[in-house]
Amino acid sequence: MLSTSYAIIVFVGLLVAWLGRRYSAQKPFRSLPRVGIDPGWFGQRRRAAQTQFYEHGQKLLEQGYAEYKDTPYMIQTCDDERLVVPDKFIEELKNLPDTQLSFKEQLLDRFMGGYTKMDAVRGSDYHREIVRGPLTKSLGNLLPRMKEEAEFALDRTLSGSSSKGTSPWPSTLIFDAIGQITSRIIVDESLSRDPTWLETIMGYTASVAVVSMTMRRLFPALRPVAYWTMECGRKLRADMFKIHGFLVPVIQARRRRVHRGNRRKEHGGKGDSEGPQDILQWLSESAEGKDAQPEQISLKILFLIVAAMHTSAITAIHALYDLCAHPEFIEELRAEATSAIEADGWSTAALLKLPKMESFLKESGRTNSAGIVSFQRHALKPVRLSNGFTIPAGTHICDAADARTRDPALYPSPLEFQPLRFLSPNTETDASSLFSSVAAGDSWFGTGRQACPGRWYASAQIKLVLCLLLLKYDFKYPEGKIERPKNWVHDEKTGPDMEQMILIKERDGRMGEGGGSS
Ligand code: HEM
């Protein structure tokens, strides 16, 4: 009897504490408007609200964008509740330090960093600094290598499928080219062309996506069990294990080489000349303490693979689809690329003389959002907005980037694809007209201080692949297909239809037209 009363008292105490926590967590947002179904005080309508967002998130955010220009509003997404911040406030937030508004923390949260091991980048920024520093600064030196890999991969994919009498999927063609370039930039050794390594790094991002999506929908207490028992968890662990198995011996061998060189120098001999110029080396040289352990370096490479590969490939696939849908523009871009490369060779200088391509890529980015929200940040400290509202610590914020791209006040005739919409008369001096620029606030690469540090590399890589395609190949949709395929939208993600065919042949006619059809 006594123990029953005791249990009831404990239960009521816990319930009151839980209600108190929920009340104080939700209180700051109660005065704000909301779009979509309210999940309710006890989360009793959360499932319905999540399903609504999964199916109609894009429409809901369009509604929010139209109705709330001056006030932040709440929305239940497929995982947490978000505070959507209208454009008006982004200027005041975009340059806050990541100790206050953190891109990384929200990313690790959404991508289940503890399970996917992406949390290896928590607590240090070597990965970001390597990309922003040595990678970007070395672009000029890296370009010949990038071109070699792109040509190798395009040729491999096209000759492979032409020998089977088929056309490759454009998505396969682009993923192979981007994957091969990135592979060599990560590790400039024969490993970069090893088929098992390539297959593993290319499949790894998909494994991360599946695990994080699966885990996010599970009750937190069930996640550890799911991670160890579900097929997607097993696949992710196997991918990571294989990638470590490839990278760790390379890191160790390089360190042994440096060590031997240093000993030779100590004894008056000659040390080794400069080490390889690749991401693995830059990370190994700059990381300190625990971060310098080979497994930790390998985990940081895994993070960069997720950040770099899929994003770049999807951007290039969109661009290819948009080009096929605007064949009249192909000749214009081809002429521009031809004259830039005739003048400066295959160099970064040439890639900066493509004003039409820059505008075209920006328009392709505008009309094919990377996701329906952007500027995703986790508030680590409270932030006071100019309208007096304080964003509490712990809030996940975002902006309605996709809805913004169709705002006629910002983009006249927003539903029309205008390849030269962003053309600037002075591309060479007007950095904001470049695809890599985040100055105008409408970039694929994010906003402000924590915008993508890989954007210069990504832009060079995509322009390189497009130039190669334009100069060496003719491509078009199969007969009867005029418009580009519609993008899919689920949850907060969108992407191109991966199964659209295009016909592609070498321009000198050596390679026969593939047999793909729509
Ligand atoms: C077209 C390809 C790419 C797109 C569209 C893209 C997009 C983005 C976006 C939107 C962000 C978040 C920025 C924000 O919210 O303001 C980001 C962050 C990041 N990106 Fe990219 N990215 C691309 C390619 C790359 C490449 C090639 C690399 C590396 C070589 C890279 C490395 C990173 C890293 C390390 C971060 C995290 C930065 C941080 O922790 O503050 N990205 N990217």
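Every number for a ligand or one of its atoms is a count from 1 in the order of the listing.
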K.L.:
Please classify the Leu135 to ligand 1 contact at 4.0 Å (heavy-atom distances, strictly less than): side chain, backbone, both or neither.
P.N.:
side chain

K.L.:
Any salt bridge between Glu81 and Arg34, counting N to O under 4.0 Å?
P.N.:
yes

K.L.:
So, for Phe435 and Phe360, is the gap between ring centers shorter than 6.0 Å?
P.N.:
no

K.L.:
Strictly distance-based, threshold 3.5 Å: is any side-chain N or O of Ser298 a donor or acceptor partner for the main-chain N or O of Pro294?
P.N.:
no

K.L.:
Output all residues satisfying ring-ring contact (aromatic ring centres under 6.0 Å, His included) with Phe175, sequence neighbours left out; order by chain, then residue number.
P.N.:
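Applying ring-ring contact (aromatic ring centres under 6.0 Å, His included) to Phe175 gives His310.
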
K.L.:
Applying a heavy-atom cut-off of 4.0 Å, say which part of Arg377 lies close to ligand 1: side chain, backbone, both or neither.
P.N.:
side chain

K.L.:
Can you name the one residue among Phe389, Tyr68, Tyr65 that meets ring-ring contact (aromatic ring centres under 6.0 Å, His included) with Tyr73?
P.N.:
Tyr68

K.L.:
Say whether Thr182 and ligand 1 are in contact under the criterion: heavy-atom distance to a ligand atom below 4.0 Å.
P.N.:
no

K.L.:
Do any heavy atoms of Ser374 fall under 4.0 Å from ligand 1?
P.N.:
no

K.L.:
For the atom pair CD (Glu151) and NZ (Lys472), what is the distance rounded to the nearest 0.5 Å?
P.N.:
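Answer rounded to 0.5 Å: 4.0 Å.
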
K.L.:
Is ligand 1 under 4.0 Å from a heavy atom in the side chain of Ile462, in the backbone, in both, or in neither?
P.N.:
side chain

K.L.:
Taking N or O atoms only and a 3.5 Å limit, does Tyr457 qualify as a polar contact for ligand 1?
P.N.:
no

K.L.:
Run the contact test for Ser312 against ligand 1 with a 4.0 Å cut-off on heavy atoms, strictly below, and give the result.
P.N.:
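It does; at least one heavy atom falls under 4.0 Å.
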
K.L.:
Where the closest heavy atom to atom 40 (O) of ligand 1 is concerned, which of Met309, Lys300, Arg128 has it?
P.N.:
Arg128

K.L.:
Which is it for Trp444 and ligand 1 at heavy atoms under 4.0 Å: side chain, backbone, both or neither?
P.N.:
both

K.L.:
Which pairs would a plain distance check flag for residues 109-116, meaning a side-chain donor or acceptor within less than 3.5 Å of a matching protein atom at least two apart in sequence or in another chain?
P.N.:
residue : atom : partner : partner atom : Å
Arg110  : NE   : Gln106  : OE1          : 2.8
Arg110  : NH1  : Glu492  : OE2          : 3.2
Arg110  : NH2  : Gln106  : OE1          : 3.4
Thr116  : OG1  : Phe111  : O            : 2.8
Thr116  : OG1  : Met112  : O            : 3.1

K.L.:
With sequence neighbours left out, what residues match Glu105 under salt bridge (Lys or Arg N to Asp or Glu O under 4.0 Å)?
P.N.:
Arg122

K.L.:
With a cut-off of 6.0 Å (strictly less than), are more than 12 heavy atoms of other residues, nucleotides or ligands near NZ of Lys59?
P.N.:
no

K.L.:
Anything protein N, O or S sitting under 2.8 Å from atom 21 (Fe) of ligand 1: count it and give me the total.
P.N.:
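With waters ignored, the protein N/O/S count below 2.8 Å is 1.
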
K.L.:
Name the closest protein heavy atom to atom 37 (C) of ligand 1, giving the residue it belongs to and the distance to 0.1 Å.
P.N.:
Phe103 CE2, 3.5 Å

K.L.:
Would Asp98 and Arg449 pass as an ion pair if we require N to O under 4.0 Å?
P.N.:
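No.
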
K.L.:
Quick one: nearest non-hydrogen protein atom to atom 1 (C) of ligand 1, plus distance?
P.N.:
Thr315 OG1, 3.1 Å

K.L.:
Just how far is it from atom OG1 of Thr494 to atom NE2 of His490, taken to the nearest 0.5 Å?
P.N.:
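Here the rounded value is 10.5 Å.
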
K.L.:
What protein heavy atom lies closest to atom 13 (C) of ligand 1? Include the residue and the distance to one decimal.
P.N.:
Gln450 O, 3.3 Å

K.L.:
Pairing donors with acceptors under 3.5 angstrom, does anything connect the side chains of Tyr227 and Arg237?
P.N.:
no

